[in-house]
Amino acid sequence: MTDSPIIIRHLNHWFGKGEASKQALFDISLSIAPGSLTVLMGPSGSGKTTVLTLMGCLREVMDGSILLLGEELHGAGPKRLEALRREVGFIFQAHNLHESLTARQNVMMGLEVHGRGNAQARQRAIEHMLALLGLEHRIDYLPGSLSGGQKQRVAIARALVSGPKIIFADEPTAALDKESGLQVVTLLKALGRERGTTTVMVTHDNRIVDLADRILVMEEGRLISDTKTVQKPAIV
Amino acid sequence: MSYILGKLFGRLPIGWLQLRHNPARLAAALAGVAFANMLVFVQLGILGVLNGTIKTSYDPIVSDIMISSYDSNTLTEGSSVSRRLLFRALSVPGISAAAPLYMGKLDWKRADGNTVNLMVYALPIEAGSFAGPQVQPALARLTPSDHVLIDRSIRGVDPQELAGVTQQTPYRFEVQDRTVTAVGTLGVGAGFSADGVIFASDQTFLSLFPKRIGGTPSHILLQVEDKKAIPALVAQLREMLKDEPVLVRSTADAIADDVRYQTTERPTGVIFGFGVFMGVLVGIVIVYQVLSTDVADHLKEYATLKAMGYPQRFFFGIVLEEALVLGLLGFVPGFLLSNLVYGFLSGVTALPVEMNLQRAVMVLVGTLAASVISGTLATRRLNGADPADLF
């Protein structure tokens, strides 16, 4: 797919209703190249997370247009958004793993959302995914007995296991120390490149910026800077 | 367990895994369900005994239609009726026989200082066809004055003491300042209104109860030629006796009325019926509490799964899975515990409190239904899981 997986046109968004309504996004337009790692930066309250949740089908688009994998999100109903969410992967600031489920079962949740399948093939896919992330010896551990970095890697495995075309990550390294943070993003980028996955990541973390293909900076609901770095995405 | 549930649902049994992950909460929930089950079982057990003893109180007699006093709610309560109605009833074609039944309660002061409450049933010796199968063969032995049949299992009396009572080895005891001779036994057992029964001739009855007279029996028993004609005969008798202060009912209806009165209008029945309701309520509240806390604790995880595209019904499924698992697992200790309590109650009250399959199945189905109600209530909290809040 050489078409841009995400195209945003004149996106505006408001929070609150009536008198208390406050505009959060002002006329955002951008399109993201397939297979790239795009970093969205900016101070708190600049609207970057709002953009991410709109692209990720977690909020309804009020004004403007978002084309996600060729589908218009403006006017899409909750059922349609729910179905589209199954086509993308999410990585959250907190790992948000289910504490009662082992690493294997947590990753399984990323597959089961697509319905039933061949049980053995699934187990192999899960084990392969966890091994890629260096967790082959932690497959049947509960999150409670994993380190922060390991948990975040399980969360990445959960997001990637079903082979989504787009990954949305919200400060995936915020809860990690420098070393495991860098490790996590390097892995995410390597896997993305290998599979042609487009990654959009919100971060405050300057260390990650070096790895990005493109850096977008937001302030007060507006896109104020757009830098493509020298590292070009493989496919474009 | 996980494997079975996984196969059953075709997905990870998240509900069960969640419950298992918090053993303290699981134990509390199961204890709650078991306790509620036990409450319900005990109440139903006692209600069952009440029903059972009401029915067995009619065992010593055989009749198709009963004429009872207008205020007669049960077999043993109510005013007496006039014996002349017996002759009027006999004049109705289709009525083959009639007999007066005399009933009264007396205290048996025992040598150990305890007092035992006995219900006395009395029929004329010649009315053998009105005596129950246990009594009929022995009725002729009751001809001598003060000869009676005594209950084998009287509450407060060692069964050994009465086990060997026969015509050859009679048992003499004193009631109402008279010496009474038991020349045989019958088995009715303790109920809610008396500790046991004795059966006597009408003559013995009248000497035991000097204030009663032969002209006013407690009930008039009728037998018919054709059982199919009972409803028509009841209607005819009602018409004929409409100016008398009496109730004319088929014996089956009289028993049904007795059961209904004692289980729904008497405090005893009402209290136990209310106890069942309370047990169910306690169960629902406990399971609801546990499930809604569990949902609240997992809102973040549910929101994550929602963000991943899981539909709302998936979360309903988790909560209902938890509810059913709790109901099913809690029922097992509840059932076992109830059997123990039944044994204990039978021992203490001399009432036959027993488990039966029908009741066990009924309580199990009720438990699962109550669990589903709790689960459904608890799912309302799921609306708090908004994936947009995760960022």
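From a predicted model like this one, the values you see are computed outputs, not experimental measurements. Here is how names work: the chains are called A, B, and so on, in the same order as the sequence lines, proteins then strands, and each is numbered from 1.
- Residues from residues 97-112 of chain A that place a non-hydrogen atom less than 4.5 Å from a non-hydrogen atom of chain B comprise A:L97, A:H98, A:E99, A:S100, A:L101, A:Q105, A:M108, A:M109, A:G110, A:E112, given in numerical order.
- In this structure, the separation between NZ on B:K306 and CZ on A:F90 is 13.5 Å, given to the nearest 0.5 Å.
- Around the CZ atom of A:F15, the shell of radius 6.0 Å holds more than 12 heavy atoms that belong to other residues, nucleotides or ligands.
- The environment of NE2 in A:H128 is sparse: at most 12 heavy-atom neighbours from other residues, nucleotides or ligands sit within 6.0 Å.
- Note that CG of A:N96 and NZ of B:K300 are 4.5 Å apart. Values are rounded to the nearest 0.5 Å.
- When the heavy atoms of residues 310-317 of chain B are compared with those of chain A, the residues falling under 4.5 Å are B:Y310, B:P311, B:Q312, B:F314, listed by number.
- Other residues, nucleotides and ligands contribute at most 12 non-hydrogen atoms within 6.0 Å of the CD atom of A:E220.
- Within 6.0 Å of CE in A:M62 there are more than 12 heavy atoms belonging to other residues, nucleotides or ligands.
- In this structure, the side chain of A:R85 engages the main chain of B:A307 through a donor-acceptor pair within 3.5 Å.
- Using a 4.5 Å heavy-atom cutoff, the side chains of A:R158 and B:T304 are in contact.
- Between chain B and the residues A:T50, A:V88, A:V113, the most heavy-atom pairs under 4.5 angstrom are made by A:V113.
- When the heavy atoms of residues 353-369 of chain B are compared with those of chain A, none of the residues falls under 4.5 Å.
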Using residues 333-340 of chain B as the side-chain source, report each donor-acceptor pair under 3.5 Å to any protein atom, sequence neighbours left out, with the distance given to one decimal.
{"unit_1": "B:S338", "atom_1": "OG", "unit_2": "B:G334", "atom_2": "O", "d": "2.6"}
{"unit_1": "B:N339", "atom_1": "ND2", "unit_2": "B:F335", "atom_2": "O", "d": "3.2"}

